[in-house]
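First up is the structure itself, then whatever we jot down about it.
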Amino acid sequence: MRSLRSLRSFLSPHPQLYTVQMSIRVRFAPSPTGHLHVGNVRTALYNWLFARQKSGAFILRIEDTDLDRSEKRYEEQLMDDLKWLGLSWDEGVDIGGGCGPYRQTDRFDLYTRYADRLLKAGKAYYCFCSVEELEREREAQLKAGSQPHYQGKCRAIAPEEAGRRRDQGEEATLRLKIRDGIVGFRDLVFGPLEVDCDVIGDFILLRSDGSAQYNFACVVDDACMQITHVIRGEGHISNTYRQILLYEALDLSLPQFAHLSTILGKDGAKLSKRHGATSIDEFRRRGYLPEALINYLTLLGWAPERDGREILTPEELVEEFSLERVNRSPAIFDPDKLNWVNRSHLKKADPTRIVRLALPHLEEAGLVPKEADSETSRWAADCIGFLINHVDKLEDLPAEFSRTFSFDPEAGLAAPEVQEVVSQTGAREVIAAFADYLNERDFVDFDVYREAVNAVKAQTGQKGKNLFHPIRVSVTAQASGPELEKLIPLLERGSRLPLPKKVMSARDRARQVKGMLA
RNA sequence: GUCCCCAUCGUCUAGCCGGCCUAGGACACCGCCCUUUCACGGCGGCAACGCGGGUUCGAAUCCCGCUGGGGACGCCA
């Protein structure tokens with residue numbers, strides 16, 4: 001099977017066309033050394049989209065060979081984040097699978113076995129150089145204007161002697177003997193890529209403590225896990241050459257490679273905390289919808305074939321995605337567009353889900369009681385449905401809520417734009433008439449509000465802006481805001497509820513504004 | 001420093017196996033319309049092929065150079 005595939009890859013300029021019926025296996029292999037970052041997430045996402053579209057397997061492998069920096073809690077959080085996004089995997093540390101274990105620290109003996117193979121075949125050798133020595137070599141090369149790399153000093157040590165020195169307890173790393181010539185491959189997004197082997201240098205396979213170095217572990221794992229497509233960040237292109245050399249040395253068939261360009265911040269530098277939210281956990285907390293993040297991140301570096309449609313569900317993205325259309329150039333992360341995408345999904349989403357997700361934000365802000373009675377819950381749900389069209393993300397809801405339901409005529413009336421409304425001809429009459437009308441009513445619902453508007457209109461002869469602007473001021477002390485005919489009934493209902501922050505009814509508001517303007 | 005990669009509106013991009021491009025869409029921004037107010041929505045506007053050489057009847061599209069940006073060069077991944 002394998003040799004057949006590599007033969008086809010060799011013969012065809014588009015090997016992927018010939019492998020479609022084979023079951024595709026991709027993997028996301030993060031190292032648990034920090035929070036899951038948007039860049040990493042996009043890599044996971046593209047792997048996932050590709051796997052799902054081709055009905056292949058998506059594998060989650062934990063690359064924790066950096067013992068100093070890896071932490072269990074990051075591993076757990078990373079899986080939480082992925083699950084939240086809906087990027088489900090078919091094999092992984094938590095669920096197992098046929099090619100486990102899926103954590104590299106659980107696979108050390110495997111690496112040792114492969115290392116032995118290379119050593120016995122004379123393709124790898126022990127290196128006794130000290131870090132200081134290597135550092136000096138590096139600096140010398142840098143100064144000489146060449147690309148620094150290990151020059152193979154310890155290649156000359158006879159295997160017997162190396163063995164003896166190791167037996168005597170001397171520390172050594174294991175290095176791969178690099179061949180001469182050119183290493184190259186056809187990248188699925190970048191096209192043909194190659195480099196001269198002599199800029200590479202014999203790299204380390206096993207560290208002096210016996211643990212596997214990244215490139216080595218990665219190749220052994222990808223091969224053992226029968227990964228067919230390696231989709232990862234652009235930064236790995238230079239590793240790919242090394243890894244291909246390893247596949248050759250181990251006589252393993254090559255997977256396909258697809259590298260993804262880097263995501264940058266607004267200033268063109270690699271995206272980091274300075275650019276605001278970057279960990280996906282943070283986006284979750286801020287009230288972005290997972291499908292919105294998926295949507296936006298997929299669009300970052302990729303565009304659907306027929307343009308125009310940009311708001312797509314994960315299912316639609318799976319259907320339309322294609323590695324061939326992935327862009328080579330780095331993309332800048334644009335929070336404005338993310339917000340737009342999120343807003344669009346917020347509008348599309350099931351209202352009860354939105355209420356469930358939004359409520360905690362209002363509760364945290366102390367605007368709605370945590371243990372609310374059914375009347376209050378219903379009111380809160382209606383408020384959320386009412387305000388959701390005005391926010392980009394759920395975290396904006398409390399501010400929008402406060403702005404809408406609090407009432408501060410003192411400050412409001414002083415604002416220039418409100419002053420302007422009040423000084424319109426007939427504005428004060430409208431405000432007074434409106435207050436008087438509401439004052440005679442017990443309960444102000446939608447119908448009463450409409451009656452009030454018509455009565456005031458008839459009484460004052462004002463209409464349009466001259467009618468509605470003053471009414472808005474009388475009820476909100478603001479010059480703009482959400483739909484009055486929905487707001488006013490909500491104010492009325494809210495005013496009768498045991499809320500942490502009392503909501504004042506439209507009637508009381510109008511009376512107060514009238515009084516202040518009199 | 002060396003090697004590798006990238007280069008269309010401010011941003012994401014379509015186009016890139018040359019003519020259909022007076023370069024299309026989206027975000028943001030501005031204006032208008034709708035709505036008896038506001039918002040939503042609709043319509044419209046602003047705005048790009050980095051520069052210089054080739055190749056060609058013809059180049060955003062192909063080639064070279066420059067410039068700019070990014071990445072890599074670890075006993076990190």
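What you see below is based on every heavy atom in this structure, not just the backbone, and it leaves out hydrogens, waters and symmetry mates. Sequence lines set the chain letters: A, B, ... in the order given, protein chains first and strands last, and positions in each chain run from 1.
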Exercise for the section: Mind checking A:S208 for me? I need base, sugar-phosphate or nothing, with any heavy atom below 4.0 Å counting as a touch. Expected result: base
Practice task
Could you check how far CD of A:E485 sits from P of B:U35, rounded to whole Å?
Solution key: 14 Å
Practice task
Classify the nucleic acid contact of A:R343 as base, sugar-phosphate or nothing, counting any heavy atom under 4.0 Å across all strands shown.
Solution key: sugar-phosphate
Exercise for the section: Have a look at A:I237 and say if it touches a base, only the backbone sugar-phosphate, or nothing, with a 4.0 Å heavy-atom cut-off. Expected result: nothing
Between the protein and nucleotides 15-17 of chain B, which nitrogen or oxygen pairs come in under 3.5 angstrom?
from	atom 1	to	atom 2	distance (Å)
B:G15	OP1	A:R325	NH1	3.2

Exercise for the section: Go ahead and name the base partner of B:G1; Watson-Crick or wobble counts if both distances stay under 3.5 Å, otherwise write none. Expected result: B:C73
Handout entry: B:U36 - base-pair partner by Watson-Crick or wobble geometry, distances under 3.5 Å
Key = none
Practice task
With heavy atoms under 4.0 Å as the rule, sort A:E483 into base, sugar-phosphate or nothing.
Solution key: base
Exercise for the section: Classify the nucleic acid contact of A:L193 as base, sugar-phosphate or nothing, counting any heavy atom under 4.0 Å across all strands shown. Expected result: sugar-phosphate
Exercise for the section: Mind calculating the distance between CZ (A:F257) and P (B:C4) to the nearest angstrom? Expected result: 19 Å
Completion exercise
From CG of A:N339 across to C1' of B:A28 the rounded distance in Å is 11 Å
Practice task
Looking at every strand, decide which applies to A:G301 at a 4.0 Å heavy-atom threshold: base, sugar-phosphate, or nothing.
Solution key: sugar-phosphate
Handout entry: P spacing across the pair B:U11 / B:C16, given as an integer number of angstrom
Key = 22 Å
Handout entry: Side-chain donor or acceptor of A:S402 paired with backbone N/O of A:A399 under 3.5 Å
Key = no
Completion exercise
Under a 4.0 Å heavy-atom criterion, the protein footprint on nucleotides 59-72 of chain B, written with B, S and -, is -----------SSS
Handout entry: Comparing A:S31 and A:W302 on RNA chain B - which has the more 5′ nearest nucleotide
Key = A:W302
Practice task
May I have all residue pairs that pass side chain to side chain donor-acceptor pair (under 3.5 Å) and include part of residues 449-463 of chain A, sequence neighbours excluded?
Solution key: A:Y437-A:E451, A:R441-A:E451, A:R450-A:E485
Exercise for the section: Report the base-pairing partner of B:G45 (Watson-Crick or G-U wobble, both distances below 3.5 angstrom), or none. Expected result: B:C29
Exercise for the section: In plain terms, say whether A:E133 and A:K153 are close enough for a salt bridge, that is, a side-chain N and a carboxylate O under 4.0 Å apart. Expected result: yes
Handout entry: Backbone of A:S329 reached by a side-chain donor or acceptor of A:S261 within 3.5 Å
Key = yes
Practice task
List in numerical order all residues of residues 463-470 of chain A for which some heavy atom is under 4.0 Å away from an atom belonging to RNA chain B.
Solution key: A:G464, A:K465, A:L467, A:F468, A:H469
Exercise for the section: Would you mind classifying the nucleic acid contact of A:K347 as base, sugar-phosphate or nothing, using non-hydrogen atoms under 4.0 angstrom? Expected result: sugar-phosphate
Handout entry: Heavy-atom donor-acceptor pair, A:S261 side-chain to B:C6 base, under 3.5 Å
Key = no
Handout entry: Cation-pi geometry met for A:R27 and A:F58 (6.0 Å, 45°)
Key = no
Completion exercise
From CD of A:E132 across to P of B:G74 the rounded distance in Å is 16 Å
Handout entry: From CA spacing to verdict: side chain to side chain contact (heavy atoms under 4.5 Å, CB included), A:F216, A:L118
Key = CA-CA 11 Å; A:F216 185 50; A:L118 290 170; 4.0 Å; yes
Practice task
Could you tell me whether A:T65 contacts a base, only the sugar-phosphate backbone, or nothing, with contacts defined as non-hydrogen atoms closer than 4.0 Å?
Solution key: sugar-phosphate
Problem - Base-pairing mate for B:G18 - Watson-Crick or G-U, with both contacts under 3.5 Å - result: none
Practice task
Verify the contact: side-chain N or O of A:R138 to OP1 or OP2 of B:G74, cut-off strictly under 4.0 Å; return yes or no.
Solution key: yes
Problem - Spacing between A:D336 atom CG and B:U11 atom C1', to the nearest angstrom - result: 9 Å
Practice task
Could you tell me whether the side chain of A:K337 has a donor or acceptor atom within less than 3.5 Å of a complementary atom in the base of B:A28?
Solution key: no
Fill in the blank from the handout: Atom CD1 of A:I332 and atom C1' of B:C6 are separated, to the nearest Å, by 13 Å
Practice task
For A:V418 and A:A479, work out which heavy atoms get closest and say how close.
Solution key: CG2-N, 3.7 Å
Handout entry: Rounded distance in Å between the C1' positions of B:C29 and B:C73
Key = 43 Å
Fill in the blank from the handout: Taken to the nearest whole Å, CG/A:N295 to P/B:U13 is 14 Å
Problem - A:D64 (side chain) donor-acceptor with A:T105 (main chain) under 3.5 angstrom - result: yes
Exercise for the section: Could you give the distance separating B:G45 and B:C27 at their C1' atoms, to the nearest angstrom? Expected result: 16 Å
Problem - Verdict with reasoning, A:W302 to A:F321, per ring pair (Phe, Tyr, Trp, His ring centres under 6.0 Å) - result: CA-CA 8 Å; A:W302 174 86; A:F321 184 73; 5.6 Å; yes
Problem - Sidechain N-carboxylate O distance under 4.0 Å for A:E63, A:R103 - result: no
Problem - N-O pairing of A:K337 and A:E310 below 4.0 Å - result: yes
Exercise for the section: May I ask you to establish whether A:R42 and A:Y46 are in a cation-pi arrangement, using a distance under 6.0 Å from NZ or CZ to the six-membered ring centre and at most 45° from the ring axis? Expected result: yes
Exercise for the section: Answer with base, sugar-phosphate or nothing: what part of the nucleic acid does A:F190 contact at a heavy-atom distance below 4.0 Å? Expected result: sugar-phosphate
Exercise for the section: Within residues 381-392 of chain A, find the residues that approach RNA chain B with a heavy atom at under 4.0 Å, and present them sorted by residue number. Expected result: A:H390
Exercise for the section: Assign each of A:Q213 and A:L299 to its nearest nucleotide of RNA chain B by heavy atoms, then name whichever residue's nucleotide is nearer the 5' end. Expected result: A:L299
Handout entry: Pair A:T240, A:R232: side-chain N/O donor-acceptor within cut-off below 3.5 Å
Key = yes
Handout entry: Geometric class of the A:F257/A:H259 ring pair [parallel <30°, tilted 30-60°, perpendicular >60°]
Key = parallel
Practice task
Identify whether any heavy atom of A:C129 sits under 4.0 Å from a base atom; if not, whether one sits that close to sugar-phosphate; answer base, sugar-phosphate or nothing.
Solution key: base
Practice task
Run the salt-bridge test on A:E316 and A:R309 with the 4.0 Å N-O cut-off and return the result as yes or no.
Solution key: yes
Practice task
For the pair A:Y296 and A:F333, name the ring-plane relationship: parallel under 30°, tilted 30 to 60°, perpendicular over 60°.
Solution key: perpendicular
Exercise for the section: Answer with base, sugar-phosphate or nothing: what part of the nucleic acid does A:G481 contact at a heavy-atom distance below 4.0 Å? Expected result: base
Handout entry: A:Y74: side chain to side chain contact (heavy atoms under 4.5 Å, CB included) partners, not counting sequence neighbours
Key = A:P32, A:H35, A:E71
